[in-house]
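Written below as C-alpha coordinates is the structure these notes are about.
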Amino acid sequence: MSRQQKPTKRRLSRRGGGTPLSVRFEVRGRALLIIGIGILIAAYALSRTELLYVASLLIGLPLVALATLRWRRRSMHVARRFLPVIAEAGSPVTVNVEVRNLAPTPTGEVRWRDEWPWAPYGTEPTRLIPLTRNRGKLGTGFATVTYILEPPRRGIFDIGPFVVDVKDPFRLARSEMLVGGTQKLVVTPRVVALPVTGLSMEADDGSASAQQRLNSAGGDDIMTREYRHGDALRRVHWKATARRGELMVRSEEQRSHAQATIVLDTRKSGYHDAESASQDQPESDSFEWSVAFTASLALHLQRTGFTVDVIETSYRQLATPAQQEGFLESLAEVTLVDTPRLRRPLALPPAAGRSRGSIFAVVADAESETVEALIAQRSQFDTAFAFVVNARNDRVLESMQSAGWTCIPVGLNDDLAAVWSAAAERREANRAR
(Lines give C-alpha, C1' and ligand atoms only; values in the text may rest on other atoms or scores of the structure.)
Protein backbone atom coordinates (compact mmCIF):
# COMPACT_ATOMS: atom_id res chain seq x y z
CA MET A 1 0.00 0.00 0.00
CA SER A 2 1.28 3.45 -0.83
CA ARG A 3 2.10 5.67 2.12
CA GLN A 4 -0.14 8.36 0.66
CA GLN A 5 -3.06 6.11 -0.17
CA LYS A 6 -5.77 5.74 2.43
CA PRO A 7 -6.75 2.11 3.12
CA THR A 8 -10.27 1.13 2.24
CA LYS A 9 -12.71 -0.20 4.82
CA ARG A 10 -12.69 -3.97 5.16
CA ARG A 11 -14.96 -6.46 6.78
CA LEU A 12 -13.03 -8.03 9.66
CA SER A 13 -13.44 -10.56 12.39
CA ARG A 14 -11.90 -9.97 15.78
CA ARG A 15 -9.44 -12.84 15.49
CA GLY A 16 -8.84 -12.57 11.79
CA GLY A 17 -8.87 -15.59 9.54
CA GLY A 18 -6.00 -15.14 7.12
CA THR A 19 -8.27 -13.46 4.60
CA PRO A 20 -6.23 -12.69 1.43
CA LEU A 21 -6.27 -9.08 0.34
CA SER A 22 -4.24 -9.66 -2.80
CA VAL A 23 -2.25 -12.45 -4.41
CA ARG A 24 0.32 -11.68 -7.10
CA PHE A 25 3.46 -13.00 -8.74
CA GLU A 26 6.90 -11.89 -7.67
CA VAL A 27 9.49 -10.88 -10.28
CA ARG A 28 10.93 -14.40 -10.22
CA GLY A 29 7.49 -15.93 -10.77
CA ARG A 30 6.68 -13.61 -13.67
CA ALA A 31 10.05 -14.39 -15.25
CA LEU A 32 9.39 -18.14 -15.09
CA LEU A 33 5.96 -17.64 -16.64
CA ILE A 34 7.35 -15.59 -19.52
CA ILE A 35 10.17 -18.05 -20.15
CA GLY A 36 7.78 -21.01 -19.89
CA ILE A 37 5.38 -19.48 -22.40
CA GLY A 38 8.28 -18.80 -24.78
CA ILE A 39 9.51 -22.41 -24.50
CA LEU A 40 5.95 -23.66 -24.97
CA ILE A 41 5.67 -21.74 -28.25
CA ALA A 42 9.06 -23.05 -29.32
CA ALA A 43 8.05 -26.64 -28.46
CA TYR A 44 5.08 -26.48 -30.81
CA ALA A 45 7.05 -24.71 -33.48
CA LEU A 46 9.90 -27.23 -33.36
CA SER A 47 7.75 -30.26 -32.50
CA ARG A 48 10.02 -31.07 -29.56
CA THR A 49 8.22 -33.02 -26.82
CA GLU A 50 10.94 -32.51 -24.21
CA LEU A 51 10.45 -28.76 -24.47
CA LEU A 52 6.79 -29.24 -23.55
CA TYR A 53 7.85 -30.84 -20.25
CA VAL A 54 10.19 -27.96 -19.48
CA ALA A 55 7.53 -25.39 -20.38
CA SER A 56 4.91 -27.14 -18.23
CA LEU A 57 7.30 -27.14 -15.27
CA LEU A 58 8.23 -23.47 -15.66
CA ILE A 59 4.59 -22.38 -16.01
CA GLY A 60 3.23 -24.77 -13.38
CA LEU A 61 5.55 -23.76 -10.53
CA PRO A 62 4.40 -20.09 -10.30
CA LEU A 63 0.76 -21.13 -10.74
CA VAL A 64 0.99 -23.70 -7.94
CA ALA A 65 2.69 -21.13 -5.69
CA LEU A 66 -0.05 -18.59 -6.45
CA ALA A 67 -2.83 -21.12 -5.79
CA THR A 68 -1.21 -22.24 -2.54
CA LEU A 69 -1.09 -18.70 -1.19
CA ARG A 70 -4.59 -17.96 -2.44
CA TRP A 71 -6.28 -20.86 -0.71
CA ARG A 72 -4.11 -21.44 2.33
CA ARG A 73 -5.51 -19.86 5.48
CA ARG A 74 -3.27 -18.37 8.14
CA SER A 75 -4.77 -18.69 11.61
CA MET A 76 -3.36 -16.11 13.99
CA HIS A 77 -4.57 -14.24 17.05
CA VAL A 78 -3.64 -10.60 17.39
CA ALA A 79 -4.03 -8.56 20.59
CA ARG A 80 -2.96 -4.95 21.08
CA ARG A 81 -2.13 -3.10 24.29
CA PHE A 82 -2.04 0.69 24.27
CA LEU A 83 0.18 2.67 26.64
CA PRO A 84 -1.39 4.86 27.84
CA VAL A 85 -4.74 3.10 27.62
CA ILE A 86 -6.49 6.43 26.99
CA ALA A 87 -4.43 8.61 24.69
CA GLU A 88 -4.27 12.37 24.32
CA ALA A 89 -4.33 14.12 20.97
CA GLY A 90 -0.83 14.90 19.73
CA SER A 91 0.88 12.70 22.33
CA PRO A 92 2.73 9.46 21.50
CA VAL A 93 1.08 6.11 22.19
CA THR A 94 3.08 2.90 22.46
CA VAL A 95 1.33 -0.04 20.84
CA ASN A 96 2.39 -3.55 21.84
CA VAL A 97 1.01 -6.18 19.46
CA GLU A 98 1.11 -9.85 20.43
CA VAL A 99 0.86 -12.14 17.41
CA ARG A 100 0.15 -15.80 18.18
CA ASN A 101 0.14 -18.66 15.66
CA LEU A 102 -2.95 -20.87 15.96
CA ALA A 103 -2.24 -23.04 12.92
CA PRO A 104 -0.77 -26.58 13.08
CA THR A 105 2.07 -25.48 10.78
CA PRO A 106 4.81 -22.87 11.25
CA THR A 107 4.25 -19.49 9.70
CA GLY A 108 7.58 -19.17 7.95
CA GLU A 109 9.07 -15.75 7.48
CA VAL A 110 6.55 -12.98 6.88
CA ARG A 111 6.41 -9.20 6.95
CA TRP A 112 3.74 -7.30 8.87
CA ARG A 113 2.15 -3.89 9.12
CA ASP A 114 -0.61 -2.39 11.25
CA GLU A 115 -3.02 0.21 9.95
CA TRP A 116 -4.77 3.29 11.37
CA PRO A 117 -7.13 5.84 9.83
CA TRP A 118 -4.92 8.93 9.49
CA ALA A 119 -1.79 9.70 7.50
CA PRO A 120 0.50 7.85 6.94
CA TYR A 121 -2.20 5.19 7.51
CA GLY A 122 0.06 2.49 8.92
CA THR A 123 3.47 1.23 9.90
CA GLU A 124 6.23 0.47 7.45
CA PRO A 125 6.31 -3.24 6.47
CA THR A 126 8.60 -5.00 8.96
CA ARG A 127 9.94 -8.55 9.29
CA LEU A 128 8.10 -10.87 11.68
CA ILE A 129 10.09 -13.79 13.01
CA PRO A 130 8.80 -17.27 12.05
CA LEU A 131 6.25 -18.56 14.56
CA THR A 132 6.31 -22.25 15.51
CA ARG A 133 3.30 -24.48 14.99
CA ASN A 134 0.41 -24.58 17.41
CA ARG A 135 0.81 -27.09 20.24
CA GLY A 136 -2.13 -26.05 22.34
CA LYS A 137 -5.37 -24.18 22.43
CA LEU A 138 -3.66 -20.77 22.45
CA GLY A 139 -0.57 -21.78 20.52
CA THR A 140 2.99 -21.69 21.77
CA GLY A 141 4.42 -19.76 18.83
CA PHE A 142 4.06 -16.06 19.43
CA ALA A 143 5.95 -12.81 19.07
CA THR A 144 5.46 -9.26 20.31
CA VAL A 145 6.03 -6.29 18.06
CA THR A 146 6.01 -2.66 19.18
CA TYR A 147 5.52 0.64 17.44
CA ILE A 148 4.59 4.21 18.35
CA LEU A 149 1.81 6.29 16.84
CA GLU A 150 0.68 9.87 17.48
CA PRO A 151 -3.06 10.50 17.07
CA PRO A 152 -3.41 13.95 15.50
CA ARG A 153 -6.81 14.70 17.02
CA ARG A 154 -9.39 13.48 19.49
CA GLY A 155 -11.83 10.69 18.70
CA ILE A 156 -12.40 6.97 19.03
CA PHE A 157 -10.47 5.25 16.27
CA ASP A 158 -10.14 1.72 14.92
CA ILE A 159 -6.50 0.64 15.02
CA GLY A 160 -5.86 -2.21 12.62
CA PRO A 161 -6.28 -4.48 10.83
CA PHE A 162 -3.01 -6.38 11.22
CA VAL A 163 -1.74 -7.38 7.80
CA VAL A 164 0.97 -9.94 6.97
CA ASP A 165 2.83 -10.27 3.69
CA VAL A 166 3.53 -13.94 2.92
CA LYS A 167 5.74 -15.44 0.21
CA ASP A 168 6.04 -19.03 -0.94
CA PRO A 169 9.32 -20.87 -0.18
CA PHE A 170 10.62 -20.26 -3.73
CA ARG A 171 9.72 -16.54 -3.71
CA LEU A 172 7.56 -16.95 -6.80
CA ALA A 173 4.38 -15.32 -5.45
CA ARG A 174 3.25 -13.25 -2.52
CA SER A 175 0.00 -12.61 -0.69
CA GLU A 176 -1.20 -9.95 1.73
CA MET A 177 -3.52 -11.37 4.38
CA LEU A 178 -5.63 -9.99 7.18
CA VAL A 179 -4.83 -11.96 10.32
CA GLY A 180 -6.17 -9.63 12.99
CA GLY A 181 -9.13 -7.34 13.44
CA THR A 182 -9.32 -3.79 14.80
CA GLN A 183 -9.26 -2.43 18.32
CA LYS A 184 -10.63 0.86 19.61
CA LEU A 185 -8.27 3.61 20.73
CA VAL A 186 -9.80 6.42 22.79
CA VAL A 187 -8.08 9.75 22.11
CA THR A 188 -9.08 12.63 24.37
CA PRO A 189 -8.57 16.31 23.56
CA ARG A 190 -5.27 17.84 24.59
CA VAL A 191 -5.50 19.02 28.20
CA VAL A 192 -3.34 22.00 29.13
CA ALA A 193 -2.53 23.05 32.70
CA LEU A 194 -4.05 26.52 33.03
CA PRO A 195 -2.39 29.08 35.30
CA VAL A 196 -3.98 29.95 38.65
CA THR A 197 -5.29 33.48 38.20
CA GLY A 198 -7.39 35.97 40.12
CA LEU A 199 -10.50 34.52 38.49
CA SER A 200 -10.45 31.44 40.71
CA MET A 201 -9.68 33.37 43.88
CA GLU A 202 -12.33 35.96 43.15
CA ALA A 203 -15.04 33.42 42.49
CA ASP A 204 -14.10 31.39 45.55
CA ASP A 205 -13.96 34.42 47.82
CA GLY A 206 -17.06 36.33 46.90
CA SER A 207 -19.18 35.30 43.96
CA ALA A 208 -19.28 31.57 44.59
CA SER A 209 -22.02 30.16 46.74
CA ALA A 210 -21.34 31.91 50.03
CA GLN A 211 -24.07 32.40 52.60
CA GLN A 212 -23.75 34.82 55.40
CA ARG A 213 -25.27 33.82 58.71
CA LEU A 214 -27.23 36.73 60.11
CA ASN A 215 -28.29 36.86 63.73
CA SER A 216 -31.60 38.18 64.91
CA ALA A 217 -30.22 41.67 65.43
CA GLY A 218 -29.60 42.18 61.70
CA GLY A 219 -26.80 42.28 59.17
CA ASP A 220 -24.68 44.83 61.07
CA ASP A 221 -23.99 42.29 63.80
CA ILE A 222 -22.20 39.76 61.61
CA MET A 223 -19.23 38.37 63.54
CA THR A 224 -15.98 40.02 62.55
CA ARG A 225 -12.27 39.66 63.15
CA GLU A 226 -9.15 41.76 62.60
CA TYR A 227 -7.91 42.25 59.05
CA ARG A 228 -5.09 39.88 58.06
CA HIS A 229 -2.63 40.26 55.22
CA GLY A 230 -4.16 38.68 52.12
CA ASP A 231 -7.81 39.19 53.07
CA ALA A 232 -9.91 40.49 50.19
CA LEU A 233 -10.97 44.10 50.59
CA ARG A 234 -14.53 43.18 49.68
CA ARG A 235 -14.76 41.32 52.99
CA VAL A 236 -14.02 44.47 55.02
CA HIS A 237 -16.93 45.30 57.36
CA TRP A 238 -16.89 49.08 57.28
CA LYS A 239 -19.32 49.70 60.16
CA ALA A 240 -17.34 47.44 62.47
CA THR A 241 -14.15 49.13 61.26
CA ALA A 242 -15.56 52.54 62.15
CA ARG A 243 -16.56 51.37 65.62
CA ARG A 244 -13.25 49.65 66.38
CA GLY A 245 -10.94 52.12 64.69
CA GLU A 246 -9.12 49.32 62.80
CA LEU A 247 -9.86 47.22 59.74
CA MET A 248 -12.33 44.44 60.50
CA VAL A 249 -13.49 41.70 58.11
CA ARG A 250 -16.44 39.34 58.14
CA SER A 251 -15.54 35.99 59.63
CA GLU A 252 -18.80 34.11 60.12
CA GLU A 253 -19.55 32.77 56.64
CA GLN A 254 -20.74 29.33 55.76
CA ARG A 255 -19.28 28.32 52.41
CA SER A 256 -19.89 25.46 50.12
CA HIS A 257 -17.63 24.63 47.21
CA ALA A 258 -17.35 27.35 44.60
CA GLN A 259 -19.66 26.77 41.68
CA ALA A 260 -18.82 27.16 38.02
CA THR A 261 -20.91 26.48 34.95
CA ILE A 262 -19.38 25.93 31.52
CA VAL A 263 -21.64 26.22 28.49
CA LEU A 264 -20.33 24.53 25.34
CA ASP A 265 -22.11 25.23 22.09
CA THR A 266 -22.56 21.85 20.37
CA ARG A 267 -25.04 22.94 17.71
CA LYS A 268 -23.65 22.55 14.22
CA SER A 269 -25.34 25.75 13.10
CA GLY A 270 -23.13 27.66 15.54
CA TYR A 271 -19.90 26.92 13.62
CA HIS A 272 -19.47 28.39 10.15
CA ASP A 273 -16.55 26.05 9.37
CA ALA A 274 -18.51 22.88 10.15
CA GLU A 275 -18.29 20.27 7.40
CA SER A 276 -18.78 16.54 7.11
CA ALA A 277 -16.37 14.75 9.43
CA SER A 278 -13.75 12.33 8.10
CA GLN A 279 -11.14 10.14 9.70
CA ASP A 280 -8.44 12.61 8.70
CA GLN A 281 -10.09 15.95 9.39
CA PRO A 282 -12.41 17.18 12.16
CA GLU A 283 -15.83 18.48 11.28
CA SER A 284 -14.92 21.95 12.61
CA ASP A 285 -11.58 23.39 13.70
CA SER A 286 -13.41 25.95 15.83
CA PHE A 287 -15.29 23.19 17.62
CA GLU A 288 -12.07 21.25 18.22
CA TRP A 289 -10.52 24.29 19.90
CA SER A 290 -13.69 24.73 21.96
CA VAL A 291 -13.64 21.12 23.13
CA ALA A 292 -9.95 21.28 24.07
CA PHE A 293 -10.47 24.49 26.03
CA THR A 294 -13.57 23.10 27.75
CA ALA A 295 -11.58 20.04 28.84
CA SER A 296 -8.70 22.13 30.21
CA LEU A 297 -10.96 24.67 31.89
CA ALA A 298 -13.26 22.10 33.53
CA LEU A 299 -10.39 20.09 34.98
CA HIS A 300 -8.58 23.25 36.08
CA LEU A 301 -11.62 24.52 37.96
CA GLN A 302 -12.27 21.07 39.40
CA ARG A 303 -8.71 20.87 40.75
CA THR A 304 -8.93 24.31 42.32
CA GLY A 305 -12.00 23.40 44.38
CA PHE A 306 -14.92 24.27 42.15
CA THR A 307 -18.02 22.21 41.64
CA VAL A 308 -18.21 22.25 37.84
CA ASP A 309 -21.24 21.68 35.66
CA VAL A 310 -20.78 21.46 31.88
CA ILE A 311 -23.89 22.23 29.85
CA GLU A 312 -24.35 21.73 26.12
CA THR A 313 -26.67 23.70 23.88
CA SER A 314 -27.95 20.48 22.30
CA TYR A 315 -28.75 17.15 23.93
CA ARG A 316 -26.36 15.92 26.60
CA GLN A 317 -23.29 13.99 25.48
CA LEU A 318 -20.77 14.79 28.23
CA ALA A 319 -20.22 13.12 31.57
CA THR A 320 -19.67 15.12 34.75
CA PRO A 321 -16.15 16.54 35.26
CA ALA A 322 -16.20 15.08 38.78
CA GLN A 323 -15.46 11.73 37.10
CA GLN A 324 -12.38 12.80 35.20
CA GLU A 325 -11.79 9.66 33.13
CA GLY A 326 -15.42 9.39 32.05
CA PHE A 327 -15.51 13.12 31.30
CA LEU A 328 -12.45 12.93 29.05
CA GLU A 329 -13.79 9.84 27.27
CA SER A 330 -17.06 11.63 26.56
CA LEU A 331 -15.11 14.61 25.21
CA ALA A 332 -13.27 12.21 22.90
CA GLU A 333 -16.49 11.39 21.06
CA VAL A 334 -18.62 14.52 21.45
CA THR A 335 -19.87 15.73 18.08
CA LEU A 336 -21.74 18.67 16.67
CA VAL A 337 -25.48 18.12 16.58
CA ASP A 338 -27.51 19.22 13.60
CA THR A 339 -30.66 20.17 15.48
CA PRO A 340 -32.93 23.23 15.22
CA ARG A 341 -33.82 23.06 18.90
CA LEU A 342 -31.87 24.72 21.68
CA ARG A 343 -31.57 22.88 24.97
CA ARG A 344 -33.55 24.83 27.57
CA PRO A 345 -32.76 25.97 30.16
CA LEU A 346 -29.02 26.39 29.72
CA ALA A 347 -28.63 26.66 33.49
CA LEU A 348 -30.80 25.93 36.49
CA PRO A 349 -32.37 28.79 38.41
CA PRO A 350 -30.46 29.76 41.54
CA ALA A 351 -31.48 28.35 44.90
CA ALA A 352 -32.98 30.71 47.45
CA GLY A 353 -30.37 33.01 48.93
CA ARG A 354 -27.57 31.67 46.80
CA SER A 355 -25.65 32.76 43.74
CA ARG A 356 -24.64 30.32 41.05
CA GLY A 357 -21.08 31.62 41.00
CA SER A 358 -19.33 31.96 37.65
CA ILE A 359 -20.33 31.02 34.13
CA PHE A 360 -18.03 30.42 31.17
CA ALA A 361 -19.49 30.18 27.66
CA VAL A 362 -17.43 28.67 24.84
CA VAL A 363 -19.05 29.60 21.53
CA ALA A 364 -18.16 30.52 17.95
CA ASP A 365 -20.81 31.89 15.57
CA ALA A 366 -23.65 31.11 17.97
CA GLU A 367 -27.13 31.59 16.62
CA SER A 368 -29.31 34.40 17.93
CA GLU A 369 -31.42 32.16 20.15
CA THR A 370 -28.26 30.74 21.77
CA VAL A 371 -26.95 34.24 22.43
CA GLU A 372 -30.31 35.36 23.80
CA ALA A 373 -30.44 32.36 26.14
CA LEU A 374 -26.95 33.13 27.45
CA ILE A 375 -27.82 36.79 27.94
CA ALA A 376 -30.95 35.78 29.86
CA GLN A 377 -28.79 33.62 32.17
CA ARG A 378 -26.35 36.43 32.93
CA SER A 379 -28.28 37.74 35.95
CA GLN A 380 -27.99 34.38 37.73
CA PHE A 381 -24.19 34.61 37.93
CA ASP A 382 -21.84 37.08 39.55
CA THR A 383 -19.13 36.65 36.91
CA ALA A 384 -19.62 35.71 33.26
CA PHE A 385 -17.01 35.08 30.59
CA ALA A 386 -17.56 34.28 26.93
CA PHE A 387 -14.77 32.80 24.82
CA VAL A 388 -15.74 33.51 21.20
CA VAL A 389 -13.77 31.22 18.88
CA ASN A 390 -12.88 32.15 15.30
CA ALA A 391 -15.98 34.26 14.79
CA ARG A 392 -16.75 35.61 11.32
CA ASN A 393 -18.00 38.94 12.71
CA ASP A 394 -18.46 40.80 15.99
CA ARG A 395 -22.17 40.06 16.37
CA VAL A 396 -21.78 37.61 19.26
CA LEU A 397 -19.08 39.69 20.97
CA GLU A 398 -21.04 42.94 20.84
CA SER A 399 -24.34 41.40 21.96
CA MET A 400 -22.86 39.61 24.96
CA GLN A 401 -20.60 42.46 26.00
CA SER A 402 -23.54 44.85 26.09
CA ALA A 403 -25.34 42.39 28.38
CA GLY A 404 -22.52 42.35 30.93
CA TRP A 405 -20.43 39.42 29.72
CA THR A 406 -16.64 39.69 29.66
CA CYS A 407 -15.82 38.55 26.12
CA ILE A 408 -12.51 37.20 24.90
CA PRO A 409 -12.07 36.74 21.11
CA VAL A 410 -10.06 33.62 20.34
CA GLY A 411 -8.08 32.52 17.26
CA LEU A 412 -7.59 28.90 16.28
CA ASN A 413 -3.85 29.10 16.96
CA ASP A 414 -4.16 30.79 20.34
CA ASP A 415 -2.59 28.97 23.27
CA LEU A 416 -5.14 27.73 25.81
CA ALA A 417 -3.19 28.92 28.85
CA ALA A 418 -2.59 32.34 27.26
CA VAL A 419 -6.31 32.73 26.58
CA TRP A 420 -7.11 31.95 30.21
CA SER A 421 -4.56 34.51 31.39
CA ALA A 422 -6.00 37.07 28.96
CA ALA A 423 -9.45 36.50 30.46
CA ALA A 424 -8.14 37.37 33.93
CA GLU A 425 -6.43 40.49 32.59
CA ARG A 426 -9.56 41.56 30.75
CA ARG A 427 -11.61 41.15 33.92
CA GLU A 428 -9.20 43.25 35.96
CA ALA A 429 -9.15 45.94 33.26
CA ASN A 430 -12.95 46.10 33.24
CA ARG A 431 -13.08 46.43 37.01
CA ALA A 432 -10.51 49.20 36.99
CA ARG A 433 -12.67 51.37 34.73
Side-chain angles (χ1 to χ4, degrees), residues 1-13 15-78 97 99-115 120-135 139-143 145 160-182:
M1 179 187 66
S2 171
R3 299 288 288 172
Q4 286 75 35
Q5 182 180 1
K6 184 175 179 179
T8 57
K9 291 185 177 180
R10 307 184 181 101
R11 193 172 220 145
L12 301 170
S13 65
R15 283 169 73 121
T19 307
L21 293 178
S22 63
V23 182
R24 60 186 182 275
F25 291 114
E26 286 285 81
V27 174
R28 186 181 300 179
R30 289 196 296 270
L32 289 181
L33 279 175
I34 294 172
I35 294 172
I37 292 172
I39 294 176
L40 181 64
I41 295 173
Y44 279 105
L46 300 175
S47 299
R48 299 293 298 268
T49 306
E50 62 272 19
L51 292 181
L52 287 175
Y53 295 125
V54 175
S56 299
L57 178 63
L58 295 178
I59 295 173
L61 282 175
L63 293 178
V64 170
L66 192 73
T68 300
L69 294 178
R70 176 64 182 85
W71 300 110
R72 181 184 176 184
R73 294 288 188 247
R74 302 270 174 174
S75 183
M76 295 182 182
H77 175 72
V78 174
V97 188
V99 187
R100 190 176 292 271
N101 182 24
L102 302 181
T105 57
T107 62
E109 186 173 319
V110 300
R111 296 177 70 82
W112 67 273
R113 73 171 188 272
D114 210 13
E115 296 183 352
Y121 305 113
T123 61
E124 292 285 356
T126 307
R127 176 180 177 272
L128 179 67
I129 63 172
L131 305 180
T132 60
R133 66 187 180 88
N134 176 28
R135 291 190 176 90
T140 55
F142 70 92
V145 297
F162 194 83
V163 182
V164 295
D165 189 350
V166 184
K167 297 180 181 180
D168 72 283
F170 299 104
R171 303 292 194 270
L172 300 178
R174 66 187 304 172
S175 173
E176 285 189 340
M177 296 183 179
L178 298 179
V179 296
T182 61

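All residue numbers in this chain count up from 1 along the given sequence.
- Taking Asp168 as the reference, nothing meets the salt bridge (charged side-chain N to carboxylate O under 4.0 Å, His left out) condition, with sequence neighbours excluded.
- Here the shortest heavy-atom pairing between Pro62 and Gly29 reads CG-O, 3.6 Å.
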Going by atom type alone, with no hydrogens or angles, which donor-acceptor pairs under 3.5 Å involve a side-chain atom of residues 45-52 and a protein atom two or more places apart or on another chain?
from	atom 1	to	atom 2	distance (Å)
Arg48	NE	Glu50	OE2	2.7
Arg48	NH2	Glu50	OE2	2.4

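- Residue Met76 holds its CE atom at 5.5 Å from CG of Asn101, rounded to the nearest 0.5 Å.
- Judged as a salt bridge (charged side-chain N to carboxylate O under 4.0 Å, His left out), and not counting sequence neighbours, Arg111 has no contacts.
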Pair Leu178, Val163 - check side chain to side chain contact (heavy atoms under 4.5 Å, CB included), show working.
CA-CA 5 Å; Leu178 298 179; Val163 182; 3.6 Å; yes

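- Under the side chain to side chain contact (heavy atoms under 4.5 Å, CB included) criterion, Leu66 pairs with Val23, Phe25, Ala173, not counting sequence neighbours.
- When all heavy atoms are compared, the tightest approach of Gly36 to Ala55 is O-CB, 3.4 Å.
- One finds the OG1 atom of Thr123 at 7.5 Å from the CZ atom of Phe162 (value rounded to the nearest 0.5 Å).
- Here Leu57 contributes atom CG and Leu32 contributes atom CG; the two are 8.5 Å apart, rounded to the nearest 0.5 Å.
- In plain terms, the two heavy atoms of Ala65 and Leu172 that are nearest each other are CB-CB, 4.1 Å.
- Qualifying side chain to side chain contact (heavy atoms under 4.5 Å, CB included) partners for Val64, counting only residues two or more places apart in sequence or in other chains: Thr68.
- Listed by chain and residue number, Glu109 satisfy the salt bridge (charged side-chain N to carboxylate O under 4.0 Å, His left out) test with Arg127 (two or more places apart in sequence, or in another chain).
- Listed for the Ser175 side chain is no donor-acceptor partner under 3.5 Å among the backbone atoms of Val166.
- In this view, Ile37 and Ile41, Ile59 satisfy the side chain to side chain contact (heavy atoms under 4.5 Å, CB included) rule, not counting sequence neighbours.
- Judged as a side chain to side chain contact (heavy atoms under 4.5 Å, CB included), and not counting sequence neighbours, the contacts of Ala143 are Leu128, Ile129, Leu131.
- Annotation: side chain to side chain donor-acceptor pair (under 3.5 Å) contacts involving residues 27-44, sequence neighbours excluded, are absent.
- No side-chain heavy atom of Trp112 sits under 4.5 Å from any side-chain heavy atom of Val99.
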